[in-house]
Amino acid sequence: MAASIIDGKQLSRDIQAEIKQQVADFVAVGNAAPKLVAVLVGEDPASQVYVKNKKLAAKRVGIDSDLMRIDGSSTTEDLLKLVNDLNNDSSVSGILVQLPLPDQIDSLKVLDAISPTKDVDAFHPENVGLLSQGRPRFLPCTPFGIVHMLFRSKITTSGKSVCVIGRSDIVGKPMAMMLAQKDSALGPDMANATVTLCHSRTKNLAEVAAAADVLVAAIGRPKFVTADMIKPGAAVIDVGINRTDDGLVGDVDFDAALEIAGAITPVPGGVGPLTVTILLENTLKAAKLMSV
Ligand code: NAP
C-alpha cells in the first residue's frame, strides 16, 4: 500500500490559524503586535525567496515584520552593530539573520551576538544549552516543525527507533537531541525515542536507516535515501532541498519510498512550510517573554 503523504502546507495553514488567534489575543489585552526583523545580507536569490516567504507568513498571522537589507560587502562589525541596535530596540521581538552569510562575515560571531531572548531561530549557545538540558526557551524551527508534523499525523516517537541522517547545528543535531529527551512541548509521546545520528562517516548507514521506525533525512543530496534504506511502514521525513535540472527534489527518492514507507513528506510542500510556521510561533513567544 502506498504511503500516506504528509501535507506540510495544510498542516502549516492549520497551525498558522491557531497562531493568528493567539496573536490577536495577545494584542487584545493591550500589547503591541509581535515584530520580526529579518536581516538579509547580499543578493542570494534563494535567501531572498526564504525571507519573502517569512514576511508573507508573518503578515498572515498578524505579526509585524521588517526586512533590513545589507550590502553583500558588509563586514562582521557592520552586522554586529546592526544586531546590537536591534537587541536594544524594544519594538523588536525577534531577530533572524538569514543564512548563509557571505564568506567575509564571521557567522558564529554574528549569531552569538543576537540577544538569546530574541533568538527566534534558536541558534544561540544559551538556547542550544537550554534545549540540551530539556528546558528549552525557543525550539529550533525545522526540527520542531517536524515534531509538529509527526504529532498532527498521529505518529508518536516514544520507545521507537529514530534515525537522523545529517548532523548540522540547524537540523540534524537538534532533531536528535529533541527526540531523545524525556519530554517535549507536545508531550512525552513526541520524545523518548532511541535515536541514531548518522553522518558521512557512519558505517552501514543503509542498515541503520532501514531499522528505523522514523527516518529523518537532512543531508542535502538529491534522492540519497533509496527504498532499501527504509523499513516497511516507517515514517520518512525529507528535509532536503536540492535544486536540480528536474526542479526541486528532496534527499529521499520519493517515488520509490512511496511504495514502502507508511508516511512520507513531499518536497516541496513538506517540512519547508513548517519551518516558517515555527518561526512565527517563536516570534510570538519572544514577544510574550518581553511583555512579562
Ligand atoms: P549541512 O550543514 O549541509 O550538513 C549535511 C549533513 O549531511 C552533514 O552532517 C553531513 O555529514 C551529512 N552528509 C553529507 N553527505 C553524506 C553522506 N554521503 N552520508 C551520510 N551523511 C552525509 O545540513 P543542513 O544545513 O541540515 O541541510 C541539509 C539539507 O536540508 C539541505 O538540502 C538544506 O537545504 C535542507 N534544509 C531544509 C530546511 C527546510 O526547512 N526544509 C531547513 C534547513 C535545511 P558530515 O557532518 O560528516 O559532513
Side-chain angles (χ1 to χ4, degrees), residues 5-9 11-12 15-16 38 44-54 56-57 96-101 103 107-108 111 120-123 128 131 138-150 162-179 195-212 215-226 228-230 236-244 246-254 264-282:
I5 297 175
I6 301 176
D7 183 347
K9 283 189 191 161
L11 289 179
S12 283
I15 300 171
Q16 286 185 19
D44 179 55
S47 293
Q48 295 191 42
V49 173
Y50 292 144
V51 167
K52 188 175 144 223
N53 287 343
K54 288 167 185 173
L56 286 172
L96 170 153
V97 175
Q98 184 64 44
L99 299 177
L101 292 171
D103 289 346
S107 301
L108 280 181
L111 296 178
V120 284
D121 266 331
F123 293 160
V128 176
L131 171 62
F138 299 114
L139 287 158
C141 300
T142 302
F144 192 41
I146 291 169
V147 178
H148 265 289
M149 284 183 119
L150 292 170
V162 172
C163 172
V164 179
I165 315 178
R167 57 177 162 186
S168 72
D169 290 338
I170 298 173
V171 186
K173 232 187 274 176
M175 180 82 269
M177 201 149 64
M178 285 167 71
L179 293 180
V195 183
T196 309
L197 181 57
C198 298
H199 45 76
S200 65
R201 303 281 184 100
T202 301
K203 297 226 186 333
N204 308 327
L205 192 148
E207 255 172 60
V208 177
L215 176 61
V216 180
I219 312 156
R221 294 189 180 233
K223 302 187 180 183
F224 179 92
V225 175
T226 45
D228 58 306
M229 296 166 74
I230 298 170
V236 178
I237 308 295
D238 191 350
V239 184
I241 302 176
N242 305 291
R243 286 176 175 75
T244 71
D246 300 332
L248 220 56
V249 300
D251 288 343
V252 176
D253 183 343
F254 183 81
I264 185 167
T265 63
V267 176
V271 175
L274 269 295
T275 297
V276 177
T277 299
I278 303 304
L279 178 73
L280 306 176
E281 191 173 301
N282 282 347

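Both counts, for ligands and for their atoms, begin at 1 and track the order of listing. Everything quoted here is computed from the prediction, not taken from an experiment.
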Any N or O of [X] closer than 3.5 Å to N or O of ligand 1:
X    : value
D251 : no
I241 : yes
R221 : yes

Consider ligand 1: state whether an atom of it lies below 4.0 angstrom from any non-hydrogen atom of [X].
X    : value
A218 : yes
L205 : yes
C198 : no

Do me a favour and list the nearest non-hydrogen protein atom to [atom] with residue, atom name and distance?
atom                    : result
atom 13 (N) of ligand 1 : I219 CG2, 3.5 Å
atom 37 (C) of ligand 1 : V239 O, 3.1 Å
atom 29 (C) of ligand 1 : G220 N, 3.6 Å
atom 44 (C) of ligand 1 : V171 CG2, 3.9 Å

Rounded distance [0.5 Å steps], [atom1] in [X] versus [atom2] in [Y]:
X    : Y    : atom1 : atom2 : value
D7   : M149 : CG    : CE    : 8.0 Å
I278 : Q16  : CD1   : CD    : 9.5 Å
L274 : S12  : CG    : OG    : 4.5 Å
D251 : L215 : CG    : CG    : 10.0 Å
L248 : I241 : CG    : CD1   : 6.5 Å
I165 : L205 : CD1   : CG    : 4.5 Å

Those residues at least two apart in sequence (or on a different chain) that pass side chain to side chain donor-acceptor pair (under 3.5 Å) with T202 are none
For ligand 1, which atoms have a heavy atom of [X] less than 4.0 angstrom away?
X    : answer
T142 : 40 (O), 42 (C)
T275 : 39 (C), 40 (O)
F224 : 17 (C), 18 (N), 19 (N)

If we count only N and O atoms by modelled type, under 3.5 Å, do the side chains of N242 and T244 hold a donor and an acceptor together? no
Which heavy atom of N282 sits nearest a heavy atom of F138, and at what distance? O-CE2, 3.4 Å
Which atom names give the shortest non-hydrogen contact between D238 and V252, and what distance separates them? OD2-N, 3.0 Å
Option with minimal heavy-atom separation from [atom], where the choices are [options]:
atom                    : options                : result
atom 45 (P) of ligand 1 : G272, G172, S200       : S200
atom 46 (O) of ligand 1 : R201, H199, R167       : R167
atom 26 (O) of ligand 1 : G250, A206, P268, S168 : S168

